[in-house]
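Bear in mind the structure is a predicted one, so any value in this text is a computation, not a measurement. Indexing begins at 1, ligand by ligand and atom by atom, following the structure's order.
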Amino acid sequence: MNREVRVRFAPSPTGPLHIGGVRTALYNYLFARRHGGKMILRIEDTDSQRFVPGAEEYIIESLKWCGIEIDEGVGYGGPHAPYRQSERREIYLQYAKQLVDAGWAYYAFDTPEELDKLRAEAEAAGKTFAYNFEVREQLATSLRLTKEEVEERIARGDQWVVRFKMPENEVVKMDDLIRGHVEMNTSTLDDKVLYKSADALPTYHLANIVDDHLMEISHVIRGEEWLPSLPLHYLLYRAFGWTDTQPQFAHLPLLLKPTGSGKLSKRDGDKMGFPVFPLFWTSPTGETARGYREDGYIAQAFINMLSLLGWNPGTEQEIFSMQELIDSFSLDRVSKAGARFQPDKAKWFNAQYLRAMSAEELAPYIQPILKAHGVEATDERAGKAAEIMKERMTLVTDMWDLTSFFFVAPTEYDEKLAKKQWKGENPAMLKELAELLKGIEDFSKENTEAVVRAWIEAKGFSLGQVMNTLRLALVGAGKGPGMFDVTEFIGKEETIGRIEAILANLKPLE
Ligand code: GLU
C-alpha cells in the first residue's frame with residue numbers, strides 16, 4: 001500500500017451509538033494502526049430532522065472508554081477541520097452546482113405534496129413510484145424548464161433540491177475488499193437528492209463523498225447497510241473526476257440477533273437482558289438505555305468480544321489486548337456472513353478479564369462501588385478484597401455482593417444458615433474460639449489456620465461445624481472465600497468483635 005492509510009468513522013448523531021457502530025469504529029481503528037495510518041472522526045449531522053442533542057458527546061465518550069484513539073476529528077481538530085458536517089455547509093453547495101453544470105445532476109422543484117400525489121397515483125396503479133429516468137423529464141426540473149425559468153424560480157425563493165441524474169441501464173462495476181467484485185445495473189436505482197435548499201444542507205451521499213475526497217480518505221470501512229449506496233458513490237466519484245483517488249471500500253457484515261436471524265436491535269437486548277450500547281444513555285426526553293460500562297463490563301473485554309464478531313484471527317486465540325488486535329487484524333479475515341451476537345460470550349470475556357487482573361488493577365473498579373455504599377478503604381485493601389473474590393466475578397457490578405463482608409459486619413444473619421448452625425454446642429464453641437483467637441499474635445492466614453486446626457483436632461470438633469459457624473458470625477451468610485482469608489483481611493479485633501456481636505445478638509435457635 002503506497003498511499004497513506006486514512007480511515008474515518010463517520011457516525012450520525014441520531015442517538016446512542018449501537019455496538020455495531022462501535023465495531024465499525026474498532027475495525028477502522030485497528031486497520032489504521034496496523035498500517036501506520038490515521039483514524040478520523042467525522043460527525044455526519046446533515047440530517048437536521050434526526051439530530052439528537054447529546055449524541056455526539058456520547059459517541060466521543062464511548063470511543064474514549066473503548067480505547068479507540070482518534071487522530072483527527074471532532075473534539076480533536078486536525079488539518080481538515082472542521083470535521084462536523086454542519087460546520088462545513090458552505091463547502092457543499094459549490095460541489096452540487098459543479099455536478100449540475102457538468103450535466104450529472106439537476107435542480108428539481110417538486111414540492112413534497114406533489115411527490116406524495118405521484119406516489120399515491122403510482123400505488124393506486126399497483127406500482128411504486130421512483131424518481132428516475134422514466135419520470136424525471138416530465139417533472140418540474142431543470143431538465144425540462146428553461147435556464148431562465150430555473151433562475152427565476154430560484155430567485156423568487158422556490159424550494160429546490162439537486163438530484164443526481166442516475167444513468168439509464170449502465171452496469172456499475174465495483175470492488176469491495178470483503179465482498180469482492182460487485183455489479184449493479186443503474187436502472188434499478190433512483191435519482192437521489194444531493195442537496196436541499198430548504199435547510200441549505202447536503203444529504204448524506206454528497207457530503208460523504210465530498211468529505212472523503214477532501215479529507216483524503218484511503219479506505220471506507222463501514223456497515224453493510226451502505227452497500228446499496230455504493231453504485232451511487234462510485235458514480236459520484238466519476239462525476240467529480242475523482243476516480244483516481246477514490247477510496248477502497250469494505251462493507252462489514254451485520255451484527256445479528258442471538259437467534260441468528262435479523263439485525264441485533266435494542267429490543268433484543270431489552271427482551272434478553274443485555275445492553276446494545278457501550279454506555280448508559282439518557283435521551284433528551286428522558287428515555288434510558290443500559291450500557292456495557294454501567295452494567296459492569298471492562299472496556300477491553302467488551303472490545304475483545306466485539307473484535308471477534310465478524311473477524312477471526314485464523315487461530316484458536318480468543319483473548320486479545322488492543323495491541324494484539326492491531327498486530328493481527330486484517331480485512332481479509334473479515335467474513336461476509338453476519339455475526340451472531342452471544343450475550344453469554346460477552347460475560348465469559350468479562351470474567352476472563354477480571355480473573356487476569358491484579359489487586360492494583362481491580363482497585364479502580366471496586367473503589368467507586370465501595371464509596372457508593374459508604375465504605376472508605378485504601379486502594380490496597382479495596383483491590384485486595386476484589387482480588388480474593390475475582391474468580392467468582394462475572395461483572396464489575398458483582399463486586400459488592402462478593403466483597404461487602406470484608407468491609408462491613410453482618411447486620412443480619414441468613415436464616416437457613418443460622419437454623420443449621422446456631423444451635424446445640426455451637427454458640428459455646430464459638431465463644432471458646434474467640435478466646436483462642438484473642439491469644440494469637442500473628443494473625444496471618446497461615447498461622448491462624450494452623451492454630452485453629454490444632455484446636456479443632458484437640459477438641460474433637462468437625463472442621464465443617466467450626467467453619468460454618470464462624471462463617472455465620474463473620475459473613476452472616478453461606479458465601480465468601482475461605483474463613484482464614486476473611487480473618488486475615490478484617491484482622492483480629494474485628495474478627496473477635498463480630499463473634500461477640502453474634503453471641504450478644506442472636507439467640508440460639510434451639
Ligand atoms: N453517517 C453514516 C452512518 O451513520 C456513515 C456511513 C459511512 O461510513 O459512509 O452510518
Side-chain angles (χ1 to χ4, degrees), residues 5-32 37-52 54-60 62-63 68 70 72-74 80 82-89 92 164 174-179 182 192-195 201-237 240 242 246-255 263-266 276-278 281 310 331 334:
V5 167
R6 290 176 57 82
V7 296
R8 83 301 193 274
F9 178 52
S12 298
T14 55
L17 182 61
H18 187 275
I19 55 176
V22 179
R23 191 200 53 180
T24 300
L26 175 66
Y27 286 10
N28 272 283
Y29 173 70
L30 297 177
F31 186 79
K38 293 274 183 322
M39 168 76 172
I40 291 135
L41 173 65
R42 183 171 74 222
I43 297 289
E44 300 205 327
D45 58 348
T46 58
D47 188 346
S48 42
Q49 310 265 308
R50 296 182 60 216
F51 177 82
V52 173
E56 180 185 303
E57 292 75 5
Y58 179 97
I59 291 166
I60 293 175
S62 297
L63 297 177
I68 297 173
I70 304 300
E72 287 173 31
V74 173
H80 298 282
Y83 292 90
R84 195 182 282 114
Q85 289 184 328
S86 60
E87 289 171 18
R88 302 168 62 78
R89 47 172 79 225
Y92 307 111
F164 187 70
M174 300 160 282
D175 289 297
D176 184 278
L177 293 167
I178 295 166
R179 275 143 228 280
V182 194
K192 284 272 178 287
V193 173
L194 300 178
Y195 191 93
L201 279 171
T203 59
Y204 157 72
H205 301 292
L206 180 68
N208 189 268
I209 293 324
V210 166
D211 284 346
D212 281 349
H213 172 72
L214 295 177
M215 294 177 183
E216 300 174 68
I217 299 302
S218 64
H219 296 78
V220 167
I221 303 169
R222 63 183 171 191
E224 179 179 280
E225 65 274 25
W226 298 105
L227 194 57
S229 301
L230 192 56
L232 171 63
H233 294 179
Y234 258 67
L235 292 170
L236 280 168
Y237 280 106
F240 280 121
W242 298 336
Q246 97 177 30
Q248 288 185 270
F249 291 90
H251 288 86
L252 305 174
L254 284 180
L255 279 195
K263 200 169 148 185
L264 179 69
S265 72
K266 174 166 184 292
V276 298
F277 303 113
W281 161 257
L331 288 173
V334 173

Identity and separation of the nearest protein heavy atom to [atom]:
atom: atom 10 (O) of ligand 1; answer: W226 NE1, 3.2 Å
atom: atom 5 (C) of ligand 1; answer: A10 O, 3.1 Å
atom: atom 1 (N) of ligand 1; answer: E44 OE1, 2.6 Å
atom: atom 4 (O) of ligand 1; answer: S12 OG, 3.2 Å

Quick check on contacts: which atoms of ligand 1 are under 4.0 angstrom from a heavy atom of [X]?
X: Y204; value: 2 (C), 5 (C), 6 (C), 7 (C), 9 (O)
X: R222; value: 7 (C), 8 (O), 9 (O)
X: N208; value: 7 (C), 9 (O)

key: R89 to Y92, cation-pi by 6.0 Å centre distance and 45° axis angle   = no
Side-chain heavy-atom pair L194, L236 within 4.5 angstrom cut-off =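 SC-SC contact between L194 and L236 confirmed.
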ask   = Only one of R6, H80, K38 forms a side-chain hydrogen bond (donor to acceptor under 3.5 Å, both in side chains) with E72, so which one is it?
value =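 With E72 as partner, R6, H80, K38 yield a single side-chain hydrogen bond (donor to acceptor under 3.5 Å, both in side chains), made by R6.
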inquiry  = Any atom of ligand 1 sitting under 4.0 Å from a heavy atom of V220?
reply    = no
ask   = Of all the heavy atoms in R8, does at least one lie under 4.0 Å from an atom in ligand 1?
value = yes
message = Does the plane of the ring in Y58 sit parallel, tilted or perpendicular to the ring in W281? Use 30° and 60° as the thresholds.
response =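 Y58 and W281: perpendicular rings.
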request  = Mind telling me whether F240 and W242 have parallel, tilted or perpendicular rings, with 30° and 60° as the class edges?
outcome  = parallel
query = Does the pair L264 and H18 meet the rule for a side-chain contact (heavy atoms from CB on, under 4.5 Å), with working shown?
reply = CA-CA 9 Å; L264 179 69; H18 187 275; 4.3 Å; yes
inquiry  = Under a 3.5 Å distance rule, please check whether Y234 uses its side chain to pair with a backbone N or O of D175 as donor and acceptor.
reply    =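 A pair under 3.5 Å: yes.
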request  = May I ask you to check if ligand 1 and P11 share an N or O to N or O distance below 3.5 Å?
outcome  = no
